[in-house]
Amino acid sequence: MSAPTSPADLYRHSLRLLLEKNIPAWVALWAGDGLMEFPFAPDGLPRRLEGKEAIAAYMRHYPDHIDLHGFPDLRIHRTTDPETIVAEMRGVGRVVETDAPFDMSYIAVVTVRDGHITSYRDYWNPLAVLGTGIDFARSGR
């Protein structure tokens with residue numbers, strides 16, 4: 001089955017893949033020259049990932065840290081650019097290392113061209129994971 005091509009449908013599909021912990025399929029949704037940005041990333045974590053390979057390396061160990069259970073409160077907003085959406089949601093689950101609850105609010109600005117994600121700006125709050133046992137830097141994230 002091929003991935004959807006509209007930005008909203010492709011984004012929903014990407015969330016399902018994250019819940020399935022299918023990181024290779026999630027990475028396959030990206031354009032080769034895709035750009036992932038984390039404007040609020042603290043020192044020591046990347047603020048910008050350029051290219052599918054860098055994004056794949058960053059996401060490879062995500063399921064080792066966070067066991068996602070759902071994305072409640074998902075709202076997708078269209079923009080004046082038909083290729084760009086703004087998504088608001090929560091990611092809920094558990095922190096794998098400590099079994100502590102995980103509950104993070106996100107806003108993402110996502111651009112899709114020719115059925116692939118070309119740009120993803122992830123506005124998450126890095127302060128919310130302090131003290132949870134998540135150590136993205138340790139695994140090369």
Side-chain angles (χ1 to χ4, degrees), residues 1-79 81-141:
M1 178 173 114
S2 65
T5 58
S6 81
D9 290 343
L10 186 72
Y11 191 73
R12 284 185 190 93
H13 180 66
S14 77
L15 296 179
R16 284 190 295 274
L17 292 172
L18 288 176
L19 291 174
E20 294 168 4
K21 298 166 186 38
N22 190 343
I23 300 305
W26 184 87
V27 171
L29 300 177
W30 282 80
D33 62 349
L35 175 64
M36 190 169 200
E37 297 176 282
F38 305 95
F40 299 141
D43 290 340
L45 292 179
R47 288 200 171 101
R48 183 179 176 96
L49 302 168
E50 295 184 37
K52 187 185 250 185
E53 288 182 26
I55 294 164
Y58 178 83
M59 289 296 292
R60 185 170 292 121
H61 298 288
Y62 190 89
D64 298 335
H65 298 289
I66 300 171
D67 176 20
L68 288 170
H69 298 163
F71 292 101
D73 308 324
L74 175 64
R75 287 177 282 178
I76 296 177
H77 307 278
R78 290 181 170 80
T79 68
D81 177 349
E83 296 178 319
T84 300
I85 59 167
V86 175
E88 296 178 84
M89 67 186 169
R90 288 175 39 231
V92 297
R94 70 179 182 88
V95 177
V96 173
E97 189 170 321
T98 64
D99 207 35
F102 178 83
D103 191 338
M104 176 77 69
S105 295
Y106 298 89
I107 293 177
V109 180
V110 182
T111 300
V112 173
R113 287 195 183 94
D114 300 322
H116 290 93
I117 299 168
T118 59
S119 175
Y120 192 119
R121 282 191 315 280
D122 191 351
Y123 294 92
W124 66 286
N125 178 4
L127 299 176
V129 297
L130 291 177
T132 64
I134 298 173
D135 185 3
F136 292 128
R138 186 186 66 207
S139 68
R141 290 190 88 215

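Computed from a prediction, not measured in an experiment: that's the story for all the values here.
Residue-environment remark: CG (Asp81) exceeds the threshold of 12 foreign heavy atoms within 6.0 Å. Annotation: Glu83, atom CD; neighbour count of heavy atoms from other residues, nucleotides and ligands within 6.0 Å is above 12.
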Item to check | Verdict with reasoning, Met36 to Ile117, per side-chain contact (heavy atoms from CB on, under 4.5 Å) | outcome: CA-CA 9 Å; Met36 190 169 200; Ile117 299 168; over 6 Å; no

Next on the checklist: Asp9 vs His13, test: side-chain contact (heavy atoms from CB on, under 4.5 Å). Steps then yes/no.
Outcome noted: CA-CA 6 Å; Asp9 290 343; His13 180 66; over 6 Å; no

Next on the checklist: side-chain contact (heavy atoms from CB on, under 4.5 Å), that's the test. Do Tyr106 and Asp122 meet it? Break it down for me.
Outcome noted: CA-CA 7 Å; Tyr106 298 89; Asp122 191 351; 3.4 Å; yes

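The CZ atom of Phe71 lies 7.0 Å from the OH atom of Tyr11; values are rounded to the nearest 0.5 Å. Between the CZ atom of Arg60 and the CD1 atom of Ile23 there is a distance of 10.5 Å, given to the nearest 0.5 Å. Arg113 contributes atom CZ, which lies 8.0 Å from atom OG of Ser119 (distance to the nearest 0.5 angstrom). Rounded to the nearest 0.5 angstrom, Arg90 CZ and Leu74 CG are separated by 12.0 Å. Atom CG of Asn125 and atom CE of Met104 lie 6.0 Å apart (nearest 0.5 Å). Rounding to the nearest 0.5 angstrom, the gap separating the NE2 atom in His69 from the CG atom in Leu19 is 9.5 Å.
When all heavy atoms are compared, the tightest approach of Asp64 to Val96 is O-CB, 3.3 Å. Taking all atoms of both residues into account, the shortest heavy-atom contact from Pro72 to Val92 is CD-CG2, 3.8 Å. The nearest pair of heavy atoms linking Gly34 to Ile55 is O-CD1, 3.8 Å. Closest non-hydrogen pair, Pro82 versus Pro7, comes out as O-CG, 3.5 Å. Listed here is the closest heavy atom pair of Tyr123 and Val109: CE1-CG2, 4.0 Å.
By the 30° and 60° cut-offs, the orientation of the rings of Tyr58 relative to Phe38 is tilted.
Between the side chain of Thr79 and the backbone N or O of Thr84, at least one donor-acceptor pair lies under 3.5 Å. Side-chain atoms of Thr111 do not come within 3.5 Å of backbone N or O of Thr118 as any donor-acceptor pair. Side-chain N or O atoms of Arg47 include one that pairs as donor or acceptor with a backbone N or O of Ala41 at under 3.5 Å.
Counting heavy atoms from C-beta on, the side chains of Ile107 and Glu88 come closer than 4.5 Å. Residues Arg16 and Asn22 form no side-chain contact, since every pair of their non-hydrogen atoms from C-beta on lies 4.5 Å or further apart. Looking only at side-chain heavy atoms (C-beta outward), Met89 and Asp73 stay at 4.5 Å or farther from each other. Between Leu18 and Met59 the shortest side-chain heavy-atom distance falls below 4.5 Å. Residues Leu68 and Phe102 form a side-chain contact, since some pair of their non-hydrogen atoms from C-beta on lies under 4.5 Å apart.
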